[in-house]
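For reference, the structure discussed in these notes is given below.
Here the structure is a predicted model, which is why all the values come from computation and not from measurement.
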Amino acid sequence: METKKILLIFALLCAVVPVKSWAQAEPSERLTRLFIPGTSTVYSFNYPTVNTAGERIVLSSALVAWTPTDRQEGDSIETIHIYSHATIGADEERPTSQGFSKEQLMLQTLPRRTYGELLDDNNAEYVGRCIIIAPDYEGFGVTKNLPHPYLSQRLTAQQVLDAVNYGLDLYRKQSAENTDDDPLLPIKSDWRTFGLGYSQGGAVTLALQRLIEEKGLAGQLHFYGSICGDGPYDLIETMRYYFDDDGTSYGAETDHRKGICTYPVVVPLIIKGMCSTHPAMASYRINDYLSQQLIDTDVLSWIDSKEYTTSEMSKMWYDQLQSGLDTLGRHYSPEQMAEMFSSPKEGKVAGHLDKMFTPETFAYLNNADSMATVPSEPATAQQALHRALADNSVITGWTPQHRIQFYHSRGDMVVPFGNYEAFRDAHPDGENSMYRIDDTFAYDSDHMDAAIVFFAELCVTGSFVPHYQWISEGATQTGIKDIYDLPIYNLQFDTNAWYTLDGRRLNGKPTTKGIYIHNNVKVVIPN
């Protein structure tokens, strides 16, 4: 009840601005202002990217900008945060929602941390004087009618990267206008960019850093490094925990037991995500993986509707557990439902994997020997799933070039601590130099409780500032700042003029094919 009161008061205090509908899924020409919560302004924009087939698609994203009411001469944006959000079920939970979701409340907090508001001036530059770009992800916002490619790491990372580039171009163009009704601050020439995310967002953040480094875009984006909280970086390790752990892993005693998933909605989410994006699974159906009883609960329709949060889905399963289930001529008694779900507390369920998966899939995933070697050419539905889980790992196949601050609770029963250990084991030489772990922030807390601590430390206590400083020191030591000495990064552009990429001003619009700077954005001149 107190939470509802706070949200109501917050909504009344916010100046809600009427906005133009962006449901037509066309790329935006301008940022669209949603509302102004104090010293920040929330915008949305649509941007072009690609789907899993490599086809053009338009997605939506939020952009939250620090816009101080007492603007001083010299105020500017010092930091850009690329925020990848955690798992959501309902479309209203997306970053661009105007329903004051938890994502919105978190996004609006960071830019308000300025000039001595709990942080001193030296620290506020990392947190308060910032822009946050937070994509909705495919399947939410303007594409809520499409499936969400859950944990398709490389695809989502590419879509997030495209949001960052497009959003920054729109911001620069709009800030150059500097109108009284939309006074966006300029971005400093030596700004810093950080990745940030928790849970699904933690894995997306790590995948995004890998992609930025692979494409050599760190200099262009002024990318310094990432903060990743309790992310599923290794889906095979996550599955092994569900099947093998008996409450004693990683030095923390938990209520987890073998063959149980304490957050069972992740099972259909993972299977749907892999089926819709991974080529090895294209010739198989979801019925090859999920049991008929689980499908009969209607969970796939719940997920597709984008109407329910994951907590609401758990409650609906709880109701079925209490009363039984009748659907399409099939009846499941409460006793039969209890074979698939148990209830650790009222309104919540845990899933029994032997009843959630088909017998063939359960037998394969439960066999440590079959899971030990990833099949190069999958011959069965189960081998195809194994291949898909392995291909969506973000722990191997690259060596980080920028620092990563991991947060992970040892008591996490949803995304187990083994995800961090798998990353560490794949990069044994980088611990405490290129990456490090804070496993004490919520030592033996489960996933949701750890999330509360994570965001409290991010938005309230200022505990993240030393981590930003550590990441920044690493970027300086590895020479990332050298590129910012180029003219393009320090030049005070005349927005009406044209410049080459090395900062040379031209006499007019170029006629030679190439990439140029005009109105503070890159412009491609074709043949």
List in chain and number order the residues that pass ring pair (Phe, Tyr, Trp, His ring centres under 6.0 Å) with F341, two or more places apart in sequence or in another chain; answer none if no residue qualifies.
W317
Set of residues satisfying ring pair (Phe, Tyr, Trp, His ring centres under 6.0 Å) with respect to Y284, sequence neighbours excluded
none
Which atom names give the shortest non-hydrogen contact between F464 and Y407, and what distance separates them?
CE1-OH, 3.1 Å
Could you tell me which non-hydrogen atom of A422 sits nearest to which non-hydrogen atom of D234, and how far apart they are?
CB-OD2, 3.5 Å
Can you give me the closest heavy-atom contact between T87 and S199, atom names plus distance?
OG1-OG, 4.5 Å
Do the side chains of D304 and K272 get close enough for a salt bridge, i.e. N-O under 4.0 angstrom?
yes
Enumerate donor-acceptor pairs with a distance under 3.5 Å from any side-chain N or O in residues 343-355 to protein atoms, sequence neighbours excluded.
{"residue": "S343", "atom": "OG", "partner": "K345", "partner atom": "O", "Å": "2.8"}
{"residue": "S343", "atom": "OG", "partner": "K348", "partner atom": "O", "Å": "2.9"}
{"residue": "H352", "atom": "ND1", "partner": "E339", "partner atom": "O", "Å": "3.3"}
{"residue": "H352", "atom": "NE2", "partner": "S342", "partner atom": "OG", "Å": "3.2"}

Measuring from atom CG of D391 to atom OG1 of T277, what distance do you get when rounded to the nearest 0.5 angstrom?
10.0 Å
Among T49, L146, V50, exactly one meets side-chain contact (heavy atoms from CB on, under 4.5 Å) together with E138. Which residue is that?
L146
Test of understanding: with ring pair (Phe, Tyr, Trp, His ring centres under 6.0 Å), list the residues that count as partners of F406, not counting sequence neighbours.
Y233, Y420, F423
Pairs flagged by salt bridge (Lys or Arg N to Asp or Glu O under 4.0 Å) wherever residues 409-435 is involved - sequence neighbours left out
R410-D439
Applying ring pair (Phe, Tyr, Trp, His ring centres under 6.0 Å), name anything that partners Y166, two or more places apart in sequence or on another chain.
none
